[in-house]
**Student:** 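Before I ask anything, let me first share the structure, which is written out below as structure tokens.
Lettering follows sequence order; numbering is per chain, from 1.
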Amino acid sequence: MKINDKRVKVFLNEKTTLGPIIYWMSRDQRVEDNWAFLHAQELALEAKQPLVVVFCLVSEFLGATMRQYGFMLKGLEEVESKLKKIHIPFYILLGDPPDELEKFTKKIKAGAVVTDFDPLKIKRNWKETLRKKLNGAFYEVDAHNIVPCTAASNKQEYGAYTIRPKIHKLLPEFLTEFPKIKPQAHKIDFSFSEINWKKIYSSLKIDSTVEEVDWITPGENAAHQALKDFIKNRLHGYDENRNDPNLDGQSGLSPYLHFGQLSAQRVALEVSKHRSEHRKDVEAFLEELIIRRELSDNFCYYNHKYDSFAGFPAWAQKSLNEHRDDARQFVYTKSEFEKAKTHDELWNASQRQLVKTGKMHGYMRMYWAKKVLEWTASPEEALKIAIYLNDKYELDGRDPNGYVGIAWSLGGVHDRAWFDRPIFGKVRFMNDRGCASKFDVKGYSKKYSV
DNA sequence: ATCGGCTCGCGCAA
DNA sequence: TGCGCGAAGCCGAT
């Protein structure tokens, strides 16, 4: 079974000497339901060469802490044991990815490198640097999106309403069942040793004061369990319950999706099976899982300013500029925000939920970010603080969804203009009165009180 | 409780 | 060129 060519981007396609095929795993940290893995396996079988999987670990990454590294590394330990069972070697390289990949590729005389797709700048720079160093074949496969990012659209989309029809049109082509992975078919004629996990943990230069959380179990197996649990217990009523921060109404899958421990396509396939019983819930969920997630990748891929003021739409930049000198009733420092020391108990509660659990409720993420804009001296500072806190504490930090969510809140990205008001200009405003009309604000504040 | 207005610009119909 | 409508809202009038 051949994978759809539209998932594959050819970085380099030079004829090479025969050699093992490398899957450079990066964003999609799973064995099952992984188009990049499947493509690499297909190349290996065609060339009658062994397949090897490599992950390159950097000692620090965009402010990630032990909370996120721990979640990721436990997932990778499971990848190692899953691959071992089918005799596929798994390596973890330590250091600068382009350098390490180049060395490794030469060392095992690889025939081709396959990697997965990621719209973030840092990942694209790694791949571009490696492309210049390699001679041979180098491919990128979009294993994260259901409709591949570049197949869905060739430009930055203005809103959900512009990308939605494009994705829906292509879903029948891409939302298909995955082929099964196969055990290693060809002999490896080089030696490899087991991963020294202790050495890996000691290589990290990260903030270990942000602790791991215990309400969620990392890894591919746990991810499949969590998906089953969501479908069984919370899919029914999802449409109504997801926006109430006092209810456990969200899927809870985003950490798994972020690290690629779970495939969004698998989630869509399984959830879709329940369309006839829970049509409204399934449609509301798929809108978030597919349209909104893929819109985030679209934004980051086509807008290189996805994490700065200059990435906001022109009307929002103009409007926010006109309100730069507006008086702020409250101005807090990064540290005051971080310690949840504002005058607003609702905001403080959401910040404590973030710090404590690594997962602020989706509805509160909007209110939280909008208040950071309202209570800082400039939109640039607000953006910096919001991204810093999001990436430091959220299990799913550093994700296109996070950048887009913050840009929506602060800069009107994928939103429309609203009537002019202080500080916000024409960017949509939110306040606690709106929250009070939708959920029990006191109950939520109490749940996350000091 | 419910409703209209606020306001911008994309994409499509014409 | 005109027109409908959009990622989660707010506000004041009724």
Side-chain angles (χ1 to χ4, degrees), chain A residues 152-170 237-247 249-251 254 264 280-281 283-300 302-303 306 311-323 326 329 344 346-347 350 359-374 386 390 396 399-441 444:
Chain A
S153 173
N154 58 7
K155 59 169 190 166
Q156 185 189 328
E157 291 292 333
Y158 192 75
Y161 74 99
T162 61
I163 204 172
R164 190 178 294 114
K166 297 180 185 183
I167 288 177
H168 278 295
K169 208 177 91 189
L170 293 170
Y238 175 82
D239 187 31
E240 223 181 290
N241 299 337
R242 71 189 142 139
N243 279 338
D244 186 336
N246 288 309
L247 301 177
Q250 298 202 294
S251 75
S254 73
K280 275 196 84 171
D281 296 320
E283 270 159 25
F285 179 73
L286 293 181
E287 167 76 14
E288 300 208 7
L289 177 79
I290 304 176
I291 305 301
R292 282 175 35 188
R293 275 184 63 263
E294 304 214 354
L295 181 60
S296 297
D297 263 33
N298 171 278
F299 181 72
C300 294
Y302 290 112
N303 188 334
Y306 57 78
F312 297 168
W315 65 264
Q317 288 191 45
K318 180 168 173 277
S319 183
L320 287 168
N321 280 333
E322 284 163 5
H323 289 274
D326 290 1
Q329 197 186 347
D344 176 8
L346 176 58
W347 193 93
S350 67
K359 199 165 182 301
M360 192 193 301
H361 190 277
Y363 186 85
M364 291 310 298
R365 290 189 191 198
M366 297 186 283
Y367 177 81
W368 174 89
K370 287 200 180 277
K371 294 297 145 186
V372 176
L373 175 65
E374 191 175 341
N390 183 74
D396 59 7
D399 193 279
N401 287 317
Y403 296 116
V404 168
I406 291 169
W408 178 88
S409 301
L410 271 53
V413 168
H414 301 149
D415 203 8
R416 57 191 284 197
W418 299 84
F419 71 101
D420 214 14
R421 63 156 58 234
I423 307 172
F424 285 79
K426 288 166 183 171
V427 173
R428 183 193 298 256
F429 177 71
M430 282 174 84
N431 62 12
D432 51 354
R433 276 177 55 194
C435 293
S437 72
K438 289 179 183 69
F439 65 92
D440 174 13
V441 166
Y444 178 79

**Student:** Does dT7(B) have a Watson-Crick or wobble partner in any strand here, with both distances under 3.5 angstrom, and which is it?
**Tutor:**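 dT7(B) is unpaired by these criteria.
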**Student:** Which nucleotide, dC11(C), dC10(B), dA8(C), lies nearest any side-chain atom of W408(A)?
**Tutor:**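 The closest nucleotide is dA8(C).
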**Student:** For K370(A) and dA8(C), is the shortest distance between a side-chain N/O and OP1 or OP2 below 4.0 Å?
**Tutor:**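 The answer is no; no side-chain N or O of K370(A) sits under 4.0 Å from OP1 or OP2.
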**Student:** Taking atom CD as the centre, does E322(A) end up with more than 12 heavy-atom neighbours from other residues, nucleotides or ligands that are less than 6.0 angstrom away?
**Tutor:**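 More than 12 heavy atoms, drawn from other residues, nucleotides or ligands, come within 6.0 Å of this atom.
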**Student:** Grab the CE-P distance between M364(A) and dA8(C) for me, whole Å please.
**Tutor:**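 Atom CE in M364(A) sits about 17 Å away from atom P in dA8(C).
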**Student:** Rounded off to whole Å, could you give me the CZ-to-P distance for the R421(A) and dG12(C) pair?
**Tutor:**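 After rounding, the reported distance stands at 9 Å.
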**Student:** Would you mind classifying the nucleic acid contact of V413(A) as base, sugar-phosphate or nothing, using non-hydrogen atoms under 4.0 angstrom?
**Tutor:**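 Nothing, no nucleic acid heavy atom in range.
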**Student:** Taking atom C1' in both dA14(B) and dG4(C), what distance in whole Å separates the two?
**Tutor:**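 The answer is 14 Å between these two C1' atoms.
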**Student:** Atom CG of D420(A) and atom C1' of dC11(C): how far apart are they, to the nearest Å?
**Tutor:**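 One finds 15 Å between C1' of dC11(C) and CG of D420(A), rounded.
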**Student:** Taking any heavy-atom pair under 4.0 Å as a contact, classify K318(A): base, sugar-phosphate, or nothing.
**Tutor:**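 Nothing, no nucleic acid heavy atom in range.
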**Student:** Hey, does the side chain of K426(A) come within less than 4.0 Å of dC8(B)'s phosphate (OP1/OP2), counting only N and O?
**Tutor:**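 Checking K426(A) against dC8(B): at least one side-chain N or O falls below 4.0 Å of OP1 or OP2.
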**Student:** How would you label the contact of M366(A) with the nucleic acid (heavy atoms, under 4.0 Å): base, sugar-phosphate, or nothing?
**Tutor:**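 Counting heavy atoms under 4.0 Å across all strands, the contact made by M366(A) includes a base.
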**Student:** When we call it a touch if two heavy atoms are under 4.0 Å apart, what does Y161(A) touch: a base, just sugar-phosphate, or nothing?
**Tutor:**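 If one applies the 4.0 Å heavy-atom cut-off, Y161(A) turns out to touch a base.
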**Student:** Determine the interatomic distance between C1' on dT7(B) and the same-named atom on dC11(C); round to the nearest Å.
**Tutor:**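 It works out to 15 Å between them.
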**Student:** Can you check side chain to side chain contact (heavy atoms under 4.5 Å, CB included) on L247(A) and E240(A), steps first, answer last?
**Tutor:** CA-CA 10 Å; L247(A) 301 177; E240(A) 223 181 290; over 6 Å; no
**Student:** Can a donor-acceptor pair be found, under 3.5 Å and without considering hydrogens, that links the side chain of N243(A) to the backbone of Y363(A)?
**Tutor:**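 No.
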**Student:** Just how far, in rounded Å, is C1' of dG9(B) from NE2 of H414(A)?
**Tutor:**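 The answer, rounded to whole Å, is 14 Å.
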**Student:** Tell me which nucleotide among dC10(C), dA8(C), dG11(B) gets nearest to the side chain of E157(A).
**Tutor:**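 When the side chain of E157(A) is considered, dG11(B) is the closest of dC10(C), dA8(C), dG11(B).
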**Student:** Ignoring hydrogens and angles, tell me if any N or O in the side chain of N303(A) forms a donor-acceptor pair with the backbone of G311(A) under 3.5 Å.
**Tutor:**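 Side chain of N303(A) to backbone of G311(A): a pair is present.
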**Student:** Tell me what R242(A) touches on the nucleic acid: a base, only sugar-phosphate, or nothing, going by heavy atoms under 4.0 Å.
**Tutor:**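 No contact at all - R242(A) keeps every heavy atom at 4.0 Å or more from the nucleic acid.
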**Student:** Please work out if W315(A) contacts a base, only the sugar-phosphate, or nothing of the nucleic acid, heavy-atom cut-off 4.0 Å.
**Tutor:**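 Touches sugar-phosphate only.
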**Student:** Rounded to whole Å, please give me the gap between CD1 in I163(A) and P in dG6(C).
**Tutor:**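 The answer, rounded to whole Å, is 17 Å.
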**Student:** On a whole-Å scale, what distance lies between the P atoms belonging to dA1(B) and dA8(C)?
**Tutor:**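 dA1(B) and dA8(C) have their P atoms separated by 22 Å.
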**Student:** Think N243(A) has a side-chain N or O under 4.0 angstrom from the OP1 or OP2 of dA8(C)?
**Tutor:**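 N243(A) to dA8(C) OP1/OP2: no side-chain N or O under 4.0 Å.
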**Student:** Go ahead and name the base partner of dA8(C); Watson-Crick or wobble counts if both distances stay under 3.5 Å, otherwise write none.
**Tutor:**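 Across all strands, not a single nucleotide pairs with dA8(C).
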**Student:** Check the distance between dG5(B)'s P and R416(A)'s CZ and give it to me in whole angstrom.
**Tutor:**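 About 13 Å, once rounded to whole Å.
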**Student:** Can you tell me the distance, in whole Å, between the CZ atom of F419(A) and the P atom of dG4(B)?
**Tutor:**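 That distance rounds to 17 Å.
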**Student:** Quick one: R428(A) CZ to dC5(C) C1', roughly how many Å, whole number?
**Tutor:**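 Distance check: R428(A) CZ to dC5(C) C1' gives 13 Å.
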**Student:** Under 4.0 Å between a Lys/Arg side-chain N and an Asp/Glu carboxylate O for K371(A) and E374(A)?
**Tutor:**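 Here K371(A) pairs with E374(A) in a salt bridge, since their nearest N and O are under 4.0 Å apart.
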**Student:** Identify the residue among Y403(A), F299(A), W408(A), Y161(A) that makes a ring-ring contact (aromatic ring centres under 6.0 Å, His included) with H414(A).
**Tutor:**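 Per the ring-ring contact (aromatic ring centres under 6.0 Å, His included) rule, the option paired with H414(A) is F299(A), out of Y403(A), F299(A), W408(A), Y161(A).
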